[in-house]
Structure formats: C-alpha cells, structure tokens
Amino acid sequence: MRIRIGAIFFLLIIWLLASVLVGPIGDFPLNDDWHFAFPVKSLLEKGTYELAAELPPNIFLHVGLGYLACKLAGGFSFTALRLYTILFGFFSSVLLFAIIRSNSQKNSFWISMGLLFNPVFFVLSFSFMTDVPFLFFALLSILFYLLFLEKQNWIFRYLGLLAGLGAFLVRQPGLLIPLSFELAFFLTNEKHRKNTLWLFTVLCFLLLFYFSVENILKSALGLREYYIPVGSIYISSIFERPAWFLFRIAKYSIMSVFYLGFFFLPFISSVFRTFFKEFSPSWLWAGGGLALNILLIIILGSHGYFFPYGGNILYNLGLGPLLLRDVWVLGMHPLPRIPFLIITFIGMVSQVNGCFLFLLFCQNLFMAWKRKNELLIFSGLLFILYMPLMMVFSFFDRYLLLPFCIILIFFFFERKSWKPNLAYYGVLAAFIYFSIAATRDYLSWNRVTEYFYQELIQEGVPVTDIDGGFANNGFNTKKNRNPNANFVITFSRLQGYSVIKEENYYSWLYFRKVSLALQKKE
C-alpha cells in the first residue's frame, strides 16, 4: 500500500486552515456533547466516573481519550475536547484516503475531501460528540482488515479486531465491524476446519466482550441506573411489535437513501453517468426512479416530512441544532431559511441521486459476490447489518457517516479512472463554504450564549434559575429543560419577558449580524 505523503500534508493544511476560520476556541458545550463531557470532568475533579443522565451508547474509550486531552491541556476544557475531535476528524479523512488509495485510485485525495467537507462530518468534528471518533476507529478497523487481505499477515487481523473493539467502546455498533469481516472472510474462503473454528472463536469472544461491558463493567462503575439495555430492547421490539419495527425500518431506510444522496452530491455527475452506463434501458430506469421519487415526496410531505427531515445536525440553511427555548421548546424560526421550492428541489435532486446510488450499490455488491471481492463483501455486509440497527429507536443524519464512507469505498475502490470534473468542484466548493460558514455561526451563537450564562452566574444567579438552552442546562443542572427559570437566553423576544441585554455575532452564512437576547421574566 503506497501512501502519498504530499497529498496527506495538503489535507492537513486545508484542515488546519478550515479550523482556524471556524475558530474552535470556547469553553461551552454543544448539542449532546455535555453528556460525554460530564464524566470527563468528574474523572478530572473527583476521580470517579459519573454520568449526568441515561445514555445508550458505550462511551468509555471516548471519555478516556477526552480525559487524556484535558490532562494534557492542564484541566477540564471544552476547547481541549473540541481539539481532540478535530484531530480525529483529520485522521478519519486520512484513513479513508489510505483505503481507497490502496487500489491505485489516483484521485483519492478528492474523494477524501468529499468526507472532510461533508457538512455533517465537518460540524461534528468541532464538538465532543461520539460520531467522529467512532468513524475513526471504524475506518481504522477496515484499513487493518484490508491490510490483512493484502499481506495475509495475521497481525493486521488482530489489529482490525482491536480497532473494532475500540469503536464498540465508543458506540455499540462498532462490534459489527469484526463480526462482518469474519463472516465475509468465512463466506468467501474455503470452509475448512481452521476457518470454521476461527469464526466460532471470534463470535464467542465478541459475545463475551459485549456482555462483559454491558453487564459487568457498567455495574462495576455504578452505572446501572443510567444503563439502557438497547440490545434486549431491540430484540424484544422485533417479536413484540413486528409491524412497528418494520415500518420504522422502511421509513428511515428511505430517508437514509435520500440523505446519502445529499452527501454524495459532489459526485452526482459520476453517479448519473455510471447509472446510465450500467442500467439498460436507462430511460426506463430513470423515468421509473423519477416517478417513484415524486410519489415519495408527496407521501412524505403529506405526513409533514420535508428535506432535510429534521435530522438533528443538518437543517434548512444551517448546521447544528438550535437548542434555545424559542426554537427547541416553542418551535419558533428566528433565523433565515431557504425558500420552500429551493429546498424541495435540493431534496428532490438528492433523492434521485440517492436512489441511483442505492441501485448501483446493490449491483456492485452482487458483482463483488460473484468475483469474491473480500473487501467489498465485508463492507457491504457491514452496511447491511449497521443500517437497521441504527434506525429503530431514533434516526439522526449523523448516524449515516459510516454508511457514507462505505458507499464511497464501494463506488470508487475499483473505479481507477474516476476524475473530478467541473460539477464536482462546484458542489464541493459550495459544501466547503457552507460547512465552514455554518459551523462558525454555530459556535458563534453558542459562544454568545455562554457569555450570558457566565455573566449571570458571576452576578450570583443560581443555575437553576437560568434557561441557557439544552446543552448548558444539561451540563450544569443535569436537566435539559428549565421551564420555571426567571432568566432565559433566546434569539427571539418572548412575551412576558423583558430584555436585559443583547449581544450580536456576525453570521458568515447570512452576511449580517444576528442578535441574541438575555431576558428576565416580568
């Protein structure tokens, strides 16, 4: 496997420049990352592992690495935690680069740029959320397994298993990575006694590791009251509510295809060109796909689902959820939005792109099976196992980063002749601008919120009397909502409250100043 150091260095320079433009400095929580920062703070200040609320994912490795980042920084700091995730974001793009480059794809740099400036991936790299570190360990595991397939050196097989366990210690689906590889390897090789025994051994080890973490480690750390047995709940849902289970799988599968189509917009010309080349008669497939998408838009729209479907990270003309009271609780829309027809058009193009991409994925998986391509069968099996696992209890666009990388591998691993064209550069430029501007805005309004919050605390106002939004409320009071607070921080002016103070930040996305208000109940 030959790695181009110059290309990786160029990726690093671009990532550093983008990070400087965003400005990651600021000691404030974002989105759900206070859930994961709370045990880091507890370990640093008390020496004990504590959680603030019920939490489904395993976060032990994530918390441990965050603890080391803060130790190196000299104490607890959201800035240190954010810089740690930014580092993992860069190395995730390097891992994707290495995987695709391993098959002599000359333009793997530009494919990695498609991940680096994926808007959801980009903004999550500037928080302490688990998604980017999980993706890092998942891609690391895939790379080690790829090296094993290339070199037949069992050290890489063990390292792939170890990295998969690392991903599991960030989020439970990480265990699917070694499971998928061992199943794929068994299915594509001779089923002699040695392979059968190894598969059985690995399956037993993964089950033992899973139950040890879920039932022994969590109990030993005193986390039983925060423990949500997602595995048993998932299995019971299949048997107790099969219709509900299948409906959610179907609904979120459709949305996932559309989101993946959006993520793949920089490569849309390649998707369309490949689709029309490989599916015949192409006009029939294209016409059927277009008609199906129009029907799906009507069906989803009649039930109140419009792109981007409220997917948590990506919303109409912005990134990062707006979790202040006026938006999150009262449902107000204080910031500019793209007109309905334009956002619907973007959604429509993403849907068609996603449908074509899905059909190509199915075809490529079938061809990979016929050729016994172990990497693609492994990746395809991982995709098939991962997707339904992440769709039943909740659906967030950030869950689709690993499937996005799998589709990138599928689409480009064997297409050595792919070259970026004008359409790619144009959409990528739009993604770069949107990712940087929207992420900078996201941190800017949270920075203003933190300024108001700390000013009230310095004046002696108790945290229980402040509604500083979902993240601040959770991190400081262990409760997301604070409906009885006398002080509230919002974008909008609220009835029954008087404005004490206003602060502005300049929005790079809207090209104007945006105000936040600190208000007191009258």
Side-chain angles (χ1 to χ4, degrees), residues 111 114-115 118-120 246-311 314 341-369 376 379-380 382-384 386-388 390-391 395-397 399-415 418 421 423-424 427 430-431:
I111 297 167
L115 170 65
N118 173 297
V120 174
L246 292 174
F247 172 75
R248 289 179 73 89
I249 291 290
K251 180 175 71 171
Y252 292 139
S253 293
I254 292 171
M255 290 184 179
S256 296
V257 169
F258 298 165
Y259 269 114
L260 290 171
F262 175 78
F263 293 168
F264 235 79
L265 283 181
F267 310 101
I268 188 170
S269 63
S270 301
V271 173
F272 275 58
R273 186 168 57 250
T274 305
F275 177 84
F276 286 118
K277 180 181 178 181
E278 298 187 8
F279 282 82
S280 182
S282 56
W283 63 268
L284 184 61
W285 283 96
L290 184 62
L292 176 61
N293 276 280
I294 292 173
L295 178 62
L296 288 172
I297 282 181
I298 294 171
I299 294 173
L300 290 171
S302 65
H303 289 82
Y305 290 99
F306 298 99
F307 185 81
Y309 310 118
L314 177 70
L341 289 178
I342 297 177
I343 196 69
T344 301
F345 174 76
I346 294 172
M348 181 67 180
V349 173
S350 299
Q351 287 181 209
V352 175
N353 194 38
C355 287
F356 288 179
L357 194 61
F358 177 72
L359 290 172
L360 288 170
F361 169 78
C362 293
Q363 183 192 62
N364 290 349
L365 182 57
F366 175 74
M367 296 302 296
W369 176 257
L376 295 187
S379 302
L382 176 58
F383 183 93
I384 292 168
Y386 175 90
M387 291 299 288
M390 302 301 292
M391 293 180 186
F395 176 81
F396 297 119
D397 48 16
Y399 291 168
L400 296 172
L401 291 179
L402 177 57
F404 173 57
C405 289
I406 292 173
I407 298 293
L408 282 172
I409 293 169
F410 247 88
F411 195 81
F412 291 111
F413 188 73
E414 294 187 325
R415 287 185 172 84
W418 177 81
N421 55 19
Y424 168 85
V427 179
F431 270 29

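Hydrogens, waters and symmetry mates play no part in the numbers below; they use all other heavy atoms, side chains included.
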F411 side chain near S270 side chain, heavy-atom distance below 4.5 Å: yes
Of all heavy-atom pairs linking P403 and L260, the shortest is C-CD2, 4.2 Å
Just so I know, are the side chains of V120 and L400 near enough to count as touching, which here means a heavy-atom distance under 4.5 Å? no
So do the side chains of Q363 and T274 get within less than 4.5 Å of each other, counting heavy atoms only? no
Can you tell me how far OG of S256 sits from CZ of F383, rounded to the nearest 0.5 angstrom? 7.5 Å
I'd like to check F307 versus I346 (side-chain heavy atoms, cut-off strictly below 4.5 Å). Are they in contact? yes
Decide if atom CZ of F358 counts as having more than 12 heavy atoms of other residues, nucleotides or ligands within a radius under 6.0 Å. no
I need the minimum non-hydrogen distance between G380 and L365, along with the two atoms involved. CA-CD1, 4.0 Å
OG on S379 to CG on N364, rounded to 0.5 Å: 11.5 Å
Side-chain contact, heavy-atom cut-off 4.5 Å: Y309 with F258? yes
Point-to-point distance, once rounded to the nearest 0.5 Å, from CZ of F404 to CG of D397: 13.0 Å
Shortest non-hydrogen contact from I111 toward L408: CG2-CD2, 4.1 Å
Determine the sole option in L382, L376, I384 for which the side-chain contact (heavy atoms from CB on, under 4.5 Å) test with I406 is passed. L382
Rounding to 0.5 Å, atoms CZ (F272) and CZ (F275) come to a distance of 8.5 Å
Evaluate the side-chain proximity of S253 to M387: yes if any heavy-atom separation is below 4.5 Å, no if none is. no
Taking the six-membered ring for Trp, is the centroid-to-centroid distance between F267 and W418 below 6.0 Å? yes
To the nearest 0.5 angstrom, please state how far the CZ atom of F410 sits from the CG atom of L357. 11.0 Å
F262 versus L265: any side-chain heavy-atom pair under 4.5 Å? yes
Decide yes or no for V427 and F264: does some side-chain heavy atom of the first lie under 4.5 Å from some side-chain heavy atom of the second? no
All heavy atoms of N353 vs all of G261, minimum pair found to be ND2-O, 2.9 Å
d(R273 CZ, E278 CD) to nearest 0.5 Å is 11.5 Å
